Amino acid sequence: MLNALILAADSALRTLWAEPRASRANPASGVAELPLSDAERRQSGALMRVNHVGEVCAQALYTGQALACQSPALRAQLAEASREETDHLAWTLQRLHALNDRPSVLNPLWYAGAFAIGFAAGKLGGDKVSLGFVVETERQVEAHLQSHMDLLPAADMASRAIVSAMKADEIAHAQMAQKAGAVELPAPVQSLMQAAAKVMTTVAHRL
Ligand SMILES: [Fe+2]
Ligand SMILES: [Fe+2]
């Protein structure tokens, strides 16, 4: 138990206050930077802040689920997916800085909420439900990232490159969970997750 708590605290501190280290190159590197107007830069910054919050939540969800999960095999899979989420965390943060913008001031709150949800999903539902939760989360994130491909300024090729690479990873995460035996979550739970995501994305757009 103590071990688990130390792990959780370590993940929270690293996600919130350390510079995340990506294991793969940033998809934006080498992409030509076209000039953005002030309004475009702000729009890109707001969207990339939302995406960064999403990745903070992904760290929290996967950590919460890994701590609650029963099978060591699943724990290893969650850890693998969460390593790719760390790349996303780093890429979105780097892009925010390049856009002269800042991450959400509410990140500790987002982290705590997502951690509690991930832990509860694993503890209350068991491994199959936890996997179902991964599938549904990743599906929603994928749809959300797709919408950003329309909302990002056309000139912001760097942000687009990052969002598109993340989308491909999220699809793979959903497939991994599906293959591992995920159960479909009940519709009311899916709606509840959608509502929670809506609150998070709306607030994080500004704060
Ligand atoms: Fe991600
Ligand atoms: Fe993911």
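In this text the structure is predicted, and so the values were computed from the model without any measurement. Just follow the structure's listing: the first ligand is 1, and inside any ligand the first atom is 1.
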Do [X] and [Y] have side-chain N/O donor and acceptor atoms under 3.5 Å apart?
X: E55; Y: H52; result: no
X: T92; Y: N51; result: no
X: Y62; Y: S11; result: no

Give, for atom CG of L145 and atom CG of D169, the distance between the pair rounded to the nearest 0.5 Å.
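Here the rounded value is 10.0 Å.
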Exceeds 12 heavy-atom contacts within 6.0 angstrom, atom CE of M157:
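Counting neighbours around CE of M157, 12 or fewer heavy atoms of other residues, nucleotides or ligands fall under 6.0 Å, so no.
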So what's near the Fe ion (ligand 1), protein N, O or S atoms under 2.8 Å?
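Those protein N, O or S atoms (cut-off: under 2.8 Å from the Fe ion (ligand 1)) are E55 OE1, E55 OE2, E85 OE1, H88 ND1, E170 OE2.
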Check the orientation of F115 and Y111. Use parallel for under 30°, tilted for 30 to 60°, and perpendicular for over 60°.
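F115 and Y111: parallel rings.
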